[in-house]
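Comments concern the structure below.
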Amino acid sequence: MTHNKKTFYHRPKTNQSRSLMIRWTFVTLGWVFFILGIIGILLPVMPTAPFILLAAGCWARSSRRFHFWLINHKYFGKYVRDWEENHAVPLYAKWLATIMMAISTAMLFYRLPADMTWAAWLVALVCSGVAVYLFRLPNAK
């Protein structure tokens, strides 16, 4: 007989602010980022992971309860823990992000008028920088 006991992760040390106003601001921002991350699951042009990580960062500074909930979340918990512990990102997430950025940038070149091509080049430059940054991070196990 085996027990499938779930392991819970707890981070007792958080950088919670002493100011009630700042804590409420971070709690609110955390929920905004979390909701944007959920929307990102449904919309292919909007990223999910950065918003979930921003929510985790906000809640680590404001609410132990919400942070604990997120790092133990069935779907997002592992990614948040990998980021907090090692600044690691799964290899498939790196490739997925890079491919989505490339498609979005290509669509800009196709859809923007000729006099706005500079904006597409600017987006391409930023996306290239993000891709280089992502692939320099360690791979999550």
Side-chain angles (χ1 to χ4, degrees), residues 1-114 116-141:
M1 185 156 120
T2 62
H3 293 278
N4 285 341
K5 189 172 182 178
K6 183 176 178 180
T7 303
F8 283 98
Y9 297 88
H10 180 65
R11 303 254 190 285
K13 291 189 177 193
T14 56
N15 297 326
Q16 291 190 341
S17 174
R18 294 184 189 273
S19 167
L20 185 61
M21 187 177 82
I22 291 175
R23 280 199 318 266
W24 274 105
T25 300
F26 275 126
V27 166
T28 304
L29 285 172
W31 277 109
V32 168
F33 291 138
F34 184 76
I35 291 167
L36 287 172
I38 298 301
I39 292 170
I41 294 171
L42 306 172
L43 297 177
V45 296
M46 193 166 161
T48 298
F51 288 118
I52 298 300
L53 294 176
L54 283 169
C58 287
W59 288 339
R61 286 157 183 78
S62 61
S63 171
R64 284 186 177 96
R65 185 178 85 183
F66 291 143
H67 187 245
F68 180 78
W69 172 76
L70 189 57
I71 64 174
N72 288 291
H73 192 274
K74 181 178 179 179
Y75 300 110
F76 303 124
K78 181 180 179 340
Y79 303 112
V80 174
R81 290 189 306 271
D82 284 340
W83 179 256
E84 288 183 354
E85 292 169 1
N86 305 317
H87 288 288
V89 177
L91 186 59
Y92 77 88
K94 294 176 184 182
W95 279 108
L96 181 63
T98 302
I99 290 167
M100 294 304 289
M101 287 186 294
I103 291 170
S104 299
T105 303
M107 287 174 59
L108 275 179
F109 279 104
Y110 175 73
R111 301 284 295 169
L112 284 178
M116 292 293 294
T117 306
W118 64 269
W121 282 109
L122 181 63
V123 170
L125 182 66
V126 170
C127 287
S128 298
V130 170
V132 167
Y133 173 74
L134 274 175
F135 279 94
R136 291 187 62 161
L137 294 171
N139 293 333
K141 294 176 174 96

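Residues: numbered from 1 along the sequence shown.
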Would you please name every residue forming a ring-ring contact (aromatic ring centres under 6.0 Å, His included) with W24, sequence neighbours left out?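 ring-ring contact (aromatic ring centres under 6.0 Å, His included) check on W24 returns nothing, list empty.
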Under the ring-ring contact (aromatic ring centres under 6.0 Å, His included) test, residues paired with F135 that sit two or more places apart: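 Partners of F135 under the ring-ring contact (aromatic ring centres under 6.0 Å, His included) test: W95.
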Restricting to side-chain contact (heavy atoms from CB on, under 4.5 Å), what partner residues turn up for N139, sequence neighbours left out?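 N139: side-chain contact (heavy atoms from CB on, under 4.5 Å) contacts with L91, K94.
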Roughly how far, to the nearest 0.5 Å, is the [atom2] atom of [Y] from the [atom1] atom of [X]?
X	Y	atom1	atom2	value
H67	N72	NE2	CG	9.5 Å
C58	F66	SG	CZ	12.5 Å
L29	R61	CG	CZ	11.5 Å

Using residues 32-55 as the side-chain source, report each donor-acceptor pair under 3.5 Å to any protein atom, sequence neighbours left out, with the distance given to one decimal.
| residue | atom | partner | partner atom | Å |
| --- | --- | --- | --- | --- |
| T48 | OG1 | G37 | O | 3.3 |
| T48 | OG1 | G40 | O | 3.4 |
| T48 | OG1 | I41 | N | 3.2 |

With a 3.5 Å cut-off and sequence neighbours excluded, list the donor-acceptor pairs that the side chains of residues 101-114 form with protein atoms.
| residue | atom | partner | partner atom | Å |
| --- | --- | --- | --- | --- |
| S104 | OG | M100 | O | 2.9 |
| T105 | OG1 | M101 | O | 2.8 |

Side-chain contact test, heavy atoms from C-beta onward, threshold under 4.5 Å: evaluate it for I71 versus W59 and give yes or no. no
Name every donor-acceptor pair, under 3.5 Å, that has one atom in a side chain of residues 121-132 and the other anywhere in the protein, sequence neighbours excluded.
| residue | atom | partner | partner atom | Å |
| --- | --- | --- | --- | --- |
| S128 | OG | A124 | O | 2.8 |

